[in-house]
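Notes for the one structure printed next.
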Amino acid sequence: MHKPIKYVEKGLSLAANGAWFFYDRYNRITARPSFTPNWSDKPLLKSHEKVKPPLGWPRETDSLCPTCVREARQDILDGKKDYRILLNEKVGEIKAQIIERDGQILMVKECPIHGRFEDVMAIDTEFFQHLEDAFPGSDIRAHNDEKLHNHGSSTIKYGRGSVLTIDLTNRCNMMCDPCFMDANQVGFVHELGWDDIKTLLDNAISIKPKRQMSVQFSGGEPTISPYFLDAVRYARKVGYNSVQAATNGIEFAKSADFARAAADAGLRYAYLQFDGIGNAANSHRLVGNLFDVKLRAIENLHKAGVDIVPVITIINGINNEQVGRVVQFALDNPKTISFLSFQPVSFTGRDEEITDDRRQAQRYTLSHLAHDVKNQTGIGEPARDWFPISFMGTFTDWADLVHGPQESWGQLNCGCHPNCGVGMAVMIDKETKEAVPFTAFVRGEQLAKDIARVNDAAGSRFRSVLGMALALMRNYDSFRSPTHFKLTDLLKKFDKTFGATGKDYGSVSGDRTQNDIAKRRADRWNFLFVAGMWFQDLFNYDFRRTERCIIPYATQEGEISFCAYNTGIGWRNIIEKMHMTATLTKWYEERGRHEIFAGGKKVELASKEHSLVLDPEAVAAGIQTDLDEQGVAKNARQEKLAARAAARAANGNGANGANGTNGANGTNGKSAQDAAYDQQMAALYRQHVLKEQAPPVVQIQGLKSSKAKDLAGVS
């Protein structure tokens with residue numbers, strides 16, 4: 001039996017549906033050209049002007065040969081080739097076909113030298129098509145960006161992005177598998193000085209369209225940079241409202257004072273590494289009490305006024321059964337968690353030379369995520385409630401229209417390719433914890449089409465706000481919404497998100513106070529966003545995704561797509577080597593070692609108390625054993641050990657066999673040079689993490705540093 005208000009709201013929806021007919025006709029008759037705002041030299045785009053890449057299947061795209069890329073990158077690092085060939089040549093590029101086979105979407109490609117490669121893009125064709133159909137098109141083409149966007153085939157072409165990532169340091173206080181940046185094991189330190197940090201942030205506001213975006217300080221572990229708090233403070237000063245830290249949470253868990261200092265500096269979000277519920281689910285990170293660390297970090301950060309986004313790297317067979325447990329954790333704690341970011345594994349960094357068997361066993365896609373959420377929690381229909389992250393672009397366009405041409409910043413816009421990221425919005429009653437997917441009671445696709453028509457008319461602020469209100473009302477089904485949810489709550493939610501009416505819901509600007517934070521948190525309704533962001537690796541690389549990247553890295557060599565930086569041709573390896581601060585040995589000699597938690601070492605915590613609600617069964621659950629049962633290695637280290645054991649078995653007990661080598665070839669079929677590199681990295685690990693005595697390390701020769709002082713100590 002529905003509450004009486006639900007019937008009244010149903011009547012209002014029907015009335016709004018009738019009013020929409022007249023509103024829409026008037027809008028079409030009186031449509032105006034788009035204005036050019038202060039934050040762009042180009043006008044706002046109408047829906048039909050937005051550019052889309054080739055979508056659907058079968059289709060052809062530009063990709064990379066995994067082997068050609070690794071070889072070319074090594075030549076650059078060894079100084080055999082100039083890195084500038086990446087600006088003018090299509091290094092390692094091959095064509096790829098995206099096809100359907102046996103109910104799955106695959107990427108298939110053929111290198112004339114190294115043969116055929118294929119990988120799974122989706123396990124549900126309906127879901128895949130739904131995402132591509134819902135893609136509204138790309139944002140305004142990037143401009144005034146020539147100095148920062150110049151990376152050959154990897155150049156970002158569209159929009160401003162939504163998260164600017166700045167790696168403060170490549171040092172880390174953990175030793176994780178997987179790690180896309182291979183922290184602590186590259187043999188040198190790359191750490192930004194204060195002038196570097198300021199320059200990157202100053203450069204970032206020169207690109208147009210000049211949009212509000214999140215500045216995310218990352219690493220390594222950003223909190224161990226001596227400039228972490230200063231960087232947060234400066235990002236706020238130059239005008240960014242959303243400043244984040246991508247963190248493992250150790251420093252925040254150890255000190256509530258540090259969490260408060262970060263909040264006072266302007267930290268708004270902590271993107272917290274979070275692999276699952278319970279210490280067993282986090283045990284593959286090799287920290288003895290990592291889940292306790294996460295809980296304490298959440299407690300300290302939330303009390304300080306920082307919002308927490310658990311970030312879950314999902315690997316099939318390792319922790320995919322944790323998907324439902326993490327979602328349930330958010331549902332059980334709606335006053336604390338309002339965003340989840342699942343990141344299907346990208347086989348790069350330590351995992352770039354993964355075997356085919358392990359890659360096929362561990363591959364996890366966005367379609368896996370949507371189905372696991374449904375199967376493990378009962379929430380959400382994959383092809384109804386999940387949308388590409390770029391779907392929000394239509395609503396961003398509306399906010400840009402409403403705020404007018406005089407604004408100095410545009411709204412945040414997530415204009416990435418539909419294969420990059422997805423999300424499902426769930427409306428949660430913080431009091432009763434009732435949870436309903438937003439698009440179960442609001443017709444999402446039709447709402448977006450209606451708002452696009454409002455935007456295309458480019459009417460006055462009043463007319464545009466009226467259009468949004470009518471569109472929301474006519475697409476709202478009161479009988480399917482949460483029990484205590486009202487139509488007015490829906491309208492307030494959108495106003496709070498986009499600031500259309502100017503009502504004070506609590507400031508988010510750099511001068512926000514604890515009262516502002518409390519005011520925003522007082523809302524009874526938690527708009528939980530369950531997101532999936534799937535970063536590319538060499539096996540599924542698509543340049544149509546790269547050129548639409550919304551998570552650029554700010555570096556000394558410009559702003560580079562997340563995937564082109566961490567995988568692709570591997571700009572990270574090149575730039576960090578070019579601009580390295582010191583060899584690892586010299587750094588430790590001059591500045592000492594930072595503490596590293598590995599090998600089961602526990603983090604000392606002043607307290608383990610927290611106020612979070614936990615499912616005791618989830619906490620007590622053991623380690624996922626799927627891969628053990630399949631006889632598949634869990635990580636690169638296990639894979640190498642298995643390869644060395646096989647080499648010993650094949651070669652008997654001779655000297656070569658004892659070392660896991662085979663003549664000129666190194667372990668796992670590598671060259672002698674690669675094998676020597678592995679041995680060097682292992683030596684670094686033993687010396688600086690396990691604190692064993694080791695002979696002096698010889699730095700691998702390659703690119704010359706841009707600073708003469710960086711070469712000190714390199715033999």
Side-chain angles (χ1 to χ4, degrees), residues 34 40 42-63 95-100 105 107 121-122 124-143 145 149 153-162 208-209 211 365-367 383 386-401 410-423 444-456 458 531-536 540-552 561-564:
S34 298
S40 173
K42 298 183 178 182
L44 301 182
L45 294 174
K46 295 185 183 290
S47 60
H48 63 273
E49 297 172 329
K50 294 200 167 191
V51 177
K52 296 183 180 182
L55 298 173
W57 67 86
R59 70 173 184 259
E60 184 176 77
T61 192
D62 296 306
S63 188
K95 296 294 183 181
Q97 309 297 321
I98 295 178
I99 64 170
E100 178 184 354
I105 303 296
M107 175 179 282
M121 301 288 292
D124 181 342
T125 57
E126 182 186 7
F127 174 80
F128 193 82
Q129 182 174 345
H130 163 67
L131 296 182
E132 296 197 340
D133 288 346
F135 177 55
S138 300
D139 190 19
I140 298 170
R141 195 174 178 95
H143 51 288
D145 64 330
H149 287 163
S153 298
S154 299
T155 301
I156 298 172
K157 297 180 180 179
Y158 298 96
R160 181 61 196 97
S162 59
K208 291 188 175 181
R211 291 192 175 279
T365 71
L366 297 173
S367 56
W386 292 83
F387 287 84
I389 291 178
S390 46
F391 182 73
M392 289 301 295
T394 300
F395 301 91
T396 295
D397 294 342
W398 175 81
D400 286 334
L401 174 64
Q411 299 287 307
L412 181 145
N413 188 298
C414 299
C416 58
H417 193 286
N419 299 161
C420 289
V422 299
E445 290 178 84
Q446 186 58 51
L447 175 63
K449 291 176 182 177
D450 290 350
I451 299 306
R453 296 176 76 88
V454 174
N455 298 340
D456 289 346
M533 201 71 194
W534 189 21
F535 301 116
Q536 303 180 85
N540 55 32
Y541 204 87
D542 185 343
F543 281 96
R544 301 295 80 74
R545 292 176 59 180
T546 302
E547 63 195 18
R548 289 170 168 78
C549 180
I550 62 167
I551 309 180
S561 154
F562 187 101
C563 293

Could you work out, with salt bridge (charged side-chain N to carboxylate O under 4.0 Å, His left out) as the rule, every residue matching [X], not counting sequence neighbours?
| X | value |
| --- | --- |
| Lys95 | Asp62 |
| Asp145 | none |
| Arg453 | Asp24 |

At what distance, to the nearest 0.5 angstrom, does [atom1] of [X] lie from [atom2] of [Y]?
| X | Y | atom1 | atom2 | result |
| --- | --- | --- | --- | --- |
| Met107 | Met121 | CE | CE | 4.5 Å |
| Leu44 | Asp400 | CG | CG | 6.0 Å |
| Ile99 | Trp57 | CD1 | CH2 | 12.0 Å |

Margin query: According to salt bridge (Lys or Arg N to Asp or Glu O under 4.0 Å), does anything in residues 386-396 pair up with another residue at least two apart or in another chain? List the pairs.
Written below: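 Sorted pair list comes back empty.
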Margin query: Does anything in residues 42-54 form a salt bridge (Lys or Arg N to Asp or Glu O under 4.0 Å)? List the pairs, not counting sequence neighbours.
Written below: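 Qualifying pairs: Lys50-Asp397.
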Under the rule for side-chain contact (heavy atoms from CB on, under 4.5 Å), what residues qualify as partners of [X], not counting sequence neighbours?
| X | value |
| --- | --- |
| Ala122 | Ile105, Phe128, Ser367 |
| Ser138 | Phe135, Tyr158, Arg548 |
| Ile551 | Val163, Thr165, Met533, Phe535, Cys549, Phe562 |
| Lys157 | Arg141, Glu547 |

Item checked: Any residue meeting ring-ring contact (aromatic ring centres under 6.0 Å, His included) with His149, in chain and number order, not counting sequence neighbours ->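 With neighbours one apart ignored, the set is empty.
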Next item on the list: Identify, with sequence neighbours excluded, every residue that meets ring-ring contact (aromatic ring centres under 6.0 Å, His included) alongside Phe387.
Entry: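 With sequence neighbours excluded, Phe387 shows a ring-ring contact (aromatic ring centres under 6.0 Å, His included) to His130, Phe391, given in chain and number order.
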Next item on the list: Tell me, with the steps shown, if Asn419 and Glu132 meet side chain to side chain contact (heavy atoms under 4.5 Å, CB included).
Entry: CA-CA 8 Å; Asn419 299 161; Glu132 296 197 340; 3.2 Å; yes
Item checked: Partners meeting side-chain hydrogen bond (donor to acceptor under 3.5 Å, both in side chains) with Ser47 (sequence neighbours left out) ->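 Partners of Ser47 by the side-chain hydrogen bond (donor to acceptor under 3.5 Å, both in side chains) criterion, ordered by chain and then number, come out as Asp456.
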Note to self: Run the side chain to side chain contact (heavy atoms under 4.5 Å, CB included) test on Asn540 and Trp534 for me, step by step, so that the C-alpha distance in whole Å, both residues' side-chain angles and the decisive distance to 0.1 Å come before the verdict.
What the structure shows: CA-CA 11 Å; Asn540 55 32; Trp534 189 21; 3.4 Å; yes
